[in-house]
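Here the structure is laid out as structure tokens; the discussion comes afterwards.
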Amino acid sequence: MAQIINVSRRDMLKAAGASGALVLGAHLAPRAMFGEAQAAGASAAPNFFVSIDGSGAVTLTCSRSEMGQGVRTGMPMIIADEMEADWNRVKIWQAPGDPAKYDPPGKDAQNTDGSRSTRHGFDAMREMGASARYVLEQAAAKKWGVGAAEVYAKDHRVYHSGSGKSLGFGQLAGAAADIKVPTGDAKPKLKHPSEWKYIGKDMPVVDNFDITTGGASFGADVSIPGMKIAVVARSPVYRGKVKSFDATEALKVQGVEQVVEIPALADDKGAEFRALGGVAVVGSNTWSVMQGREKLKIDWDLGPHVAHDSSTYDDALRASAKKGGLKIRDRGDVDLAMKAASKVVEAEYFVPYFIHTPMEPPVAVVDASRTPVKVIAATQSPNQARHYVAEALGMDKKDVECEVTLLGGGFGRKSKADFICEAAIVSKEIGAPVRMQWTREDEIRNGFYHAACAQHLSAGLDADGKVTAWKQSGAWPSIVGLWNPVAKNGFGIEFGLGLVDLPYNSVPNIRIENGAEDIMIRVGWYRSVNNIQHAYAMNCFANELATAAGRDPLEMLLELIGDADNMDLAKDGVEKYWNYGDSIADWPIMPNRLSNALRAVAEKSGYGKAMPKGHGLGLACHRSFQSYVATAVHAVVHDDGSLHIPRVDVAIDCGRYVNPEGIRKQIEGAVIYGNTVARHGKITTTKGAVDQSNFDDYPVTRISDAPLDVQVHIVEDFLHLRPCGVGEPGVPPFAPALVNAIFDATGKRIYQLPVGDQLKKI
Amino acid sequence: MIALKVNGISRQFNGDPKMPLLWYLRDELGLTGSKFGCGEALCGTCTVHLGGEAVRSCVTSVADAAGREVTTIEGLDSDGNHPVQRAWRAENVPQCGYCQAGQIMQAAALLQANPDPSDEEIIEGMEGNICRCGTYQRIHAAVRTAAKEV
Ligand code: FES
Ligand code: FES
């Protein structure tokens, strides 16, 4: 971990460009994000995450992007707890992109994805709080001329244990500013968990008032003086280019001021998170530029990806999955075990492309008419945004600043900087700040798609109905294509998203392969990523094996997983298992935690009880982002094929946790997200172009088909272990639990997502 | 020229009368509480009240609002304490928050018309509003909570 840096008050003042009172971030955006901390009197800032002013107001830094996962509540809670601040006197300040200051764990440069904020930041945030408590306590001890051991902070004051006298944090701020925080062995002590007052307790969202009154500031809500608004016409086919265009009619639209070409990205450059090119219409208001864009006449060179057509591509994926090829896990001898099996079962599972559809389409404000360039954006990754904007403008990254607004949903889409680069390129071209607004159609047609995926599975059962061999082979277009367009196979991170780490540790013979396929579109992270297809295939196939063996699905699943406290993939020939970027010593794969969560959800959901006709209960479980989640779906399939989900139970073991209310909300949301994946989501292409465009042809879950009774059970048996991810792990087990419930209710297996109207054909 | 009232203030608009109310509110008046989510009356993030009824401002033109009273989330209650807003906070509904202004405006209109909706009526009334973060369970509960107060 990087050291906590002592920030002297003078440095902070210098950094803020202020004299006298400490001003944290004079921001242009409205109230919600940046409660402008106009400090009263002397201030102490023992590190980049805490400042205390003379009135006792405490400003805590949130350095991660808020997209609904509750990070602006959860991370500051940790600091406030350790420093004994009163939550009601705390304001949250959103940090800009600056990893040297705002990524103390030094692991991900503030890139808010991978469900890792708490996992990576828990210890660091505790230390930030502890160092603030330290300087306040030291200041009090000094003032009173007593030993530091005689004083203690509590509820925004420091007390002298002998006399009972006390001073408020505000009264101590000035003196605390001069106290250095020791490092190494002398560094401030952390509280014992039994002393925590916020960590582990329910806390509502800090931005609730702003959100419910329209005052919260999202990307599209940012306005800066002189700003123009732009939309871009992009190629309907991945990496198509503008041959020529005619803007005459567009320019006639009232409010349209300029039409600017964004040059196509050079052929020898990978798409990465760069702008791909197009024609921007710039004007004074959003409606005008949208109208203007309609009037553009563009002749496109659509390029080679016109060959990307779902009618043929899906079959190619299936064939490739069946063929397999690249061996990525090999335990025992699968071929031999299959030959010796008394029964072999085979199946194929398919998941189509999905697109993120955060309610807020991508949007960014950039002023490239000045140096440093100013970015204010709904981004999950402000420092990657700085990197790509700098590259697009031919500048140094240090000359690009990036502030982060609230994100109206992210789901992985907003970790990519392409829309921010577009804003930067147009801003530079016209010499004025630009707000680049994407429409829903843009978002659906020009996105980064969740990889379509075919999986071929086979398993051998012995005479007792035990699984002796498991073979699974998947094929999908890899995210790696963003960097290497000619790649055909996946890579370690994708393999590690629930495939190579197949948790069925009791199976003596396991082989996992990856089949090759061309990459024909931008593929990108999507909430829980490839875990979706992997969890779907393996949980449903395990259920299928239970049926084939005449066994109970829960008993079968528990037997497959077993109760070992460590599954060592290195022993199965897995090369460099990435483990979500974490050390395997700190976060080992623990099958016992998965079976423990599964038992918990089985019990809570009443698994095993008799169900009326047309009702079914399905189970699934999956480890992802270090958490262990088991889901039970109660589904009802009516005679007309309509589907209703009266209840969902989810058990999550995420180790040490911060905000249980936040966990419940993330799981409730993940169930709804999973419901879209399972029942609705489907992107297809025709001649390279995405067929869908808005919520009419790309439906997502509405309240009318949403499970409205989601019961979340936080499993505490491993509370002493490190924090694990929460934002994503609830998604993967939902679809297979639903599909298994549908089988339980009807005897029909769903081999291809989404369920859509497949039940109507029963 | 079009005259209308927005959150109780008289306004006059000289631009394209076909401009959707949403963009007039956001770009011209700086009332950014109403959000853009689809532009096609498919998601409800842009919901405002026109003459007391919930409408999708992305498909309602400024001309449609001529001579009428528009209320946005900013004007629902001067202190942000409309029963629906309070219920939303009590149930801790928001995740990202982007859809919630539309949800609240929809729910407020629903309760105005039907102060004691059944579970089914809440679902029917809120079906046009998408929440991609998946807060429906809490939305449903919050409408019920607010109904007790309206
Ligand atoms: S933006 Fe108006 S309904 Fe979606
Ligand atoms: S709270 Fe994020 S879309 Fe509803």
Side-chain angles (χ1 to χ4, degrees), chain A residues 30 66-70 204-205 207-218 220-221 223 229 254-255 284-288 290 357-361 406-411 437 439-441 661 665-666 668-673 675 694-696 700-704 706-710, chain B residues 15-16 18-20 22-24 26-28 30-40 42-43 45 72-77 79-80 82 84-86 88-89 92-101 104 119 122-124 126-141:
Chain A
E66 178 63 81
M67 47 193 150
Q69 84 280 37
V205 172
D207 296 310
N208 268 348
F209 188 83
D210 288 329
I211 288 171
T212 55
T213 54
S217 176
F218 296 86
D221 303 335
S223 280
I229 296 171
Q254 187 188 3
S284 56
N285 72 75
T286 317
W287 170 243
S288 297
M290 281 163 51
T357 59
M359 284 320 292
E360 173 197 45
L406 286 176
L407 281 62
F411 313 127
Q437 176 71 57
T439 62
R440 180 60 57 200
E441 288 81 3
E661 171 75 344
K665 293 179 73 170
Q666 281 307 288
E668 288 161 15
V671 162
I672 302 300
Y673 204 86
N675 193 62
N694 209 320
F695 292 120
D696 48 353
V700 298
T701 301
R702 293 175 180 271
I703 197 169
S704 46
L708 293 176
D709 184 8
V710 180
Chain B
D16 179 358
K18 291 198 300 300
M19 181 188 281
L22 174 67
W23 299 115
Y24 170 64
R26 291 184 56 84
D27 289 347
E28 307 293 323
L31 291 169
T32 56
S34 311
K35 305 299 185 199
F36 169 61
C38 71
E40 299 280 347
L42 297 166
C43 78
T45 59
T72 71
I73 184 75
E74 291 93 340
L76 183 62
D77 181 89
D79 301 318
H82 185 280
V84 173
Q85 289 171 312
R86 273 187 278 134
W88 243 246
R89 297 193 286 268
N92 197 21
V93 174
Q95 288 190 28
C96 81
Y98 193 80
C99 74
Q100 300 297 349
I104 289 168
D119 283 353
I122 295 174
I123 290 172
E124 275 166 29
M126 301 303 293
E127 193 180 12
N129 290 70
I130 296 173
C131 173
R132 209 35 194 133
C133 296
T135 62
Y136 298 122
Q137 178 168 333
R138 286 169 192 258
I139 286 172
H140 197 276

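FYI, side chains are in, hydrogens and waters are out, and symmetry mates aren't considered; it's all heavy atoms of this structure. Below, chains carry the letters A, B, ... as their sequence lines are ordered, and counting in each starts from 1. Treat the numbers as computed from the prediction; the structure is a model and nothing was measured.
The parts of A:Pro204 that come within reach of chain B are both its backbone and its side chain, each placing non-hydrogen atoms under 4.5 angstrom from that chain. For A:Val700, the part sitting under 4.5 Å from any heavy atom of chain B is the side chain, from C-beta outward, and nothing else. Proximity to chain A is absent for every atom of B:Glu124, based on heavy atoms less than 4.5 angstrom apart. For B:Asn129, the part lying under 4.5 angstrom from a heavy atom of chain A is the backbone only. Heavy-atom distances place no part of A:Gln69 under 4.5 Å from chain B, backbone and side chain included. Contact of B:Val93 with chain A is made through the backbone alone, with heavy-atom distances under 4.5 Å. Neither the backbone nor the side chain of B:Asp77 comes within contact range of chain A; no heavy atoms are under 4.5 Å apart. Neither the backbone nor the side chain of B:Arg86 has a heavy atom closer than 4.5 Å to any heavy atom of chain A.
Chosen from A:Val205, A:Val671, A:Ile229, the residue pairing most often with chain B at heavy-atom distances under 4.5 Å is A:Val205. Highest contact tally toward chain A, considering only B:Pro94, B:Cys131, B:Ala101, is held by B:Pro94 [criterion: heavy-atom pairs under 4.5 Å]. When the candidates B:Cys38, B:Cys96, B:Gly134 are compared by the number of heavy-atom contacts under 4.5 Å with chain A, B:Cys96 comes out ahead. Ranked by heavy-atom pairs shorter than 4.5 Å toward chain A, the options B:Pro20, B:Cys99, B:Gly128, B:Gly30 are led by B:Pro20. Chain A forms more heavy-atom pairs under 4.5 Å with one residue of B:Gly75, B:Gly33, B:Cys133, B:Ala141 than with any other, namely B:Cys133.
No side-chain heavy atom of B:Lys35 sits under 4.5 Å from any side-chain heavy atom of A:Met359. By the 4.5 Å heavy-atom criterion applied to side chains, A:Arg702 and B:Ile130 are counted as neighbours. You'll find the side chain of A:Ile211 stays beyond 4.5 Å of the side chain of B:Tyr98, heavy atoms only. Here the side chains of B:Glu74 and A:Thr213 are not in contact, with every heavy-atom distance at 4.5 Å or above. Side-chain contact between A:Thr286 and B:Arg26: absent, with no pair of heavy atoms (C-beta onward) separated by less than 4.5 Å. Side-chain contact check for B:Gln95 versus A:Gln666: some heavy-atom pair is nearer than 4.5 Å. Inter-residue side-chain proximity for B:Glu127 and A:Ser704 is flagged as met; some heavy-atom pair is nearer than 4.5 Å.
Pairing each heavy atom of A:Pro361 with each of B:Gly37, the nearest pair is CG-O, 4.4 Å. In this structure, B:Leu42 and A:Asp696 approach most closely via the heavy-atom pair CD1-N, 3.7 Å. Annotation for B:Gly80 and A:Phe209: closest pair O-CE1, 4.1 Å, computed over non-hydrogen atoms.
Under the rule for a ring-ring contact (aromatic ring centres under 6.0 Å, His included), the partners of B:Trp23 that lie at least two apart in sequence or sit in another chain are B:Phe36. Judged as a ring-ring contact (aromatic ring centres under 6.0 Å, His included), and not counting sequence neighbours, the contacts of A:Tyr673 are A:Phe411, A:Tyr526.
Residues A:Thr212 and B:Gln85 have side chains that never bring a donor and an acceptor to within less than 3.5 angstrom of each other. No hydrogens or angles considered: nothing links the side chains of A:Asp709 and B:Gln137 as a donor-acceptor pair under 3.5 Å.
Separation of atoms CG (B:Asp27) and OG (A:Ser284) is listed at 8.0 Å; rounding is to 0.5 Å. Rounded to the nearest 0.5 Å, atoms CG (A:Asp221) and OG1 (B:Thr32) are 4.0 Å apart. Between the CD1 atom of B:Ile123 and the CD1 atom of A:Ile703 there is a distance of 6.0 Å, given to the nearest 0.5 Å. Between the SG atom in B:Cys43 and the CZ atom in A:Arg440 there is a gap of 7.0 Å [rounded to 0.5 Å].
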* Full working for side chain to side chain contact (heavy atoms under 4.5 Å, CB included) between A:Trp287 and B:Leu22 -> CA-CA 9 Å; A:Trp287 170 243; B:Leu22 174 67; over 6 Å; no
* Test side chain to side chain contact (heavy atoms under 4.5 Å, CB included) applied to B:Thr135 and A:Glu668, step by step -> CA-CA 7 Å; B:Thr135 62; A:Glu668 288 161 15; over 6 Å; no
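Side-chain atoms of A:Lys665 do not come within 3.5 Å of backbone N or O of B:Arg138 as any donor-acceptor pair. A donor-acceptor distance shorter than 3.5 angstrom exists from the side chain of B:Tyr136 to the backbone of A:Thr701, with no hydrogens or angles considered.
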